[in-house]
Number of protein chains: 2
Amino acid sequence: MTTRTKRAARGDLFSPECPTRRLLDRIGTKWTSMAIKVLADAAPQEVRFAELRRRMPGVSQKMLSVTLHSLVRDGLVTRRVEPTVPPRVHYRLTELGLSLEIPLAAVRAWAERHMAEIDRLNAINDARPDGE
Amino acid sequence: MTTRTKRAARGDLFSPECPTRRLLDRIGTKWTSMAIKVLADAAPQEVRFAELRRRMPGVSQKMLSVTLHSLVRDGLVTRRVEPTVPPRVHYRLTELGLSLEIPLAAVRAWAERHMAEIDRLNAINDARPDGE
DNA sequence: CCGAATCCTTCACGATACTG
DNA sequence: CAGTATCGTGAAGGATTCGG
């Protein structure tokens, strides 16, 4: 085990492999947090691919597929295929995925309370580029 | 006001302008959350540019500068210049920035508890590409 | 119905060099 | 010391097409 790996394993925020950075890389991708929210809202029910797509306006078929498979790989989502023709594919959050909903909900709550303020401050700073 | 703006103002997760998405775009950039953590740990003390750089191993001068100015623009960080030669520039979290530390800490805690598990699940899924 | 493959554009980020 | 300017690279993600 390398020094870097040890540091990461200890949860060292300053390692290039720090777990927080790696988590943010995941939930920072465009559709991941929305997919988790939709699946969390439906839980413990499964949701079909097409239904997910309907509940995530703007997502392309490709990106939804990529996003979901990435979540499956991470063990946050399960994927169940009904062997019919055409196939039906069902997705559901795992326990791990559901647990991620909690910090994600905190981030969402902060965003809904404060992003308008950030927009306002941005507008002010744009209008007054330097210290007035 | 457009329909889309109304939806965003209501905190509609499914608007392209949804506040959560926009917040994640910010904290998802590589150095932002680390800068906030370092500043939060130091608060209410100010931290100089060079000191921040020392506490964020791996960050380039350019990216630290870009990151900090972006945070200032958002009103999450204040910037104070001592008019000396050479100049000293001090950064500190605002109240808004400090409030963001709370959900961020929740994300960090989740990451430190669960990312190792995600790595383990990834390894398993890599070894067994399809349903075994 | 679901998803893989390909092409293309955009942008975050790093390296480097330069300035007051 | 702090910041800016420029250039190059890689990766995200959108559009489209094909497949089982």
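Keep in mind that what you see is a predicted model, and the values were worked out from it rather than measured. Proteins come first, then strands; the chains are lettered A, B, ... in the order of their sequence lines, and each starts at number 1. Values below: every heavy atom of this structure, side chains too, minus hydrogens, waters and symmetry copies.
Inter-axis angle, ends of the helix from C/dC1-D/dG20 to C/dG20-D/dC1, five pairs per end, rounded to 10 degrees: 40°.
Residue B/R21 holds its CZ atom at 7.5 Å from NZ of A/K30, rounded to the nearest 0.5 Å. Rounding to the nearest 0.5 Å gives a distance of 7.0 Å between CE of B/M115 and CH2 of B/W110. A distance of 7.5 Å separates CG of B/L121 from CD1 of B/I118, quoted to the nearest 0.5 Å. Here the CZ-NE2 distance, from B/R80 to B/H90, works out to 4.5 Å after rounding to the nearest 0.5 Å. With rounding to the nearest 0.5 angstrom, the CZ atom of B/R26 is 13.0 Å from the OG1 atom of B/T67.
For B/G75 against B/T94, the heavy-atom pair with the smallest separation is O-OG1, 2.8 Å. Taking every heavy atom of both residues into account, A/H114 and B/L96 meet most closely at ND1-CD1, 3.6 Å. Closest non-hydrogen pair, A/P103 versus A/S99, comes out as CD-O, 3.2 Å.
In terms of the side chain to side chain contact (heavy atoms under 4.5 Å, CB included) criterion, residue partners of A/A40 (sequence neighbours excluded) are, by chain and number, A/L93, A/E101.
Each of A/P86 and A/W31 was assigned the nucleotide of DNA chain D with the nearest heavy atom; the assignment lying further toward the 5' end belongs to A/W31.
Here the range on DNA chain D touched by chain B, meaning any atom under 4.0 Å from one of its heavy atoms, is D/dC1 to D/dT6. Along DNA chain C, the stretch of nucleotides lying under 4.0 Å from any heavy atom of chain B spans, 5' to 3', C/dC13 to C/dG20.
A salt bridge does not link B/D41 with B/R55: none of the charged nitrogens is closer than 4.0 Å to a carboxylate oxygen.
For the residue pair A/R73 and B/N122, a side-chain donor N or O sits within less than 3.5 Å of a side-chain acceptor on the partner. Side-chain contact annotation: A/T32 with A/T29, donor-acceptor N/O pair under 3.5 Å present.
Ring pair B/H69/B/Y91 is perpendicular by interplanar angle, where above 60° counts as perpendicular and below 30° as parallel.
Residue contacts for A/T29: at a heavy-atom cut-off of 4.0 Å it reaches the sugar-phosphate backbone alone, with no base atom in range.
Against DNA chain C, the stretch residues 58-81 of chain A makes heavy-atom approaches under 4.0 Å through A/Q61, A/K62, A/S65, A/H69, A/R79. Of all the residues in residues 44-52 of chain B, B/R48, B/F49, B/A50 reach under 4.0 Å from DNA chain D with at least one non-hydrogen atom.
Taking the side chain as every heavy atom from C-beta outward, B/L100 and B/L23 approach each other to under 4.5 Å. The shortest distance between side-chain heavy atoms of B/R79 and B/V81 falls below 4.5 Å.
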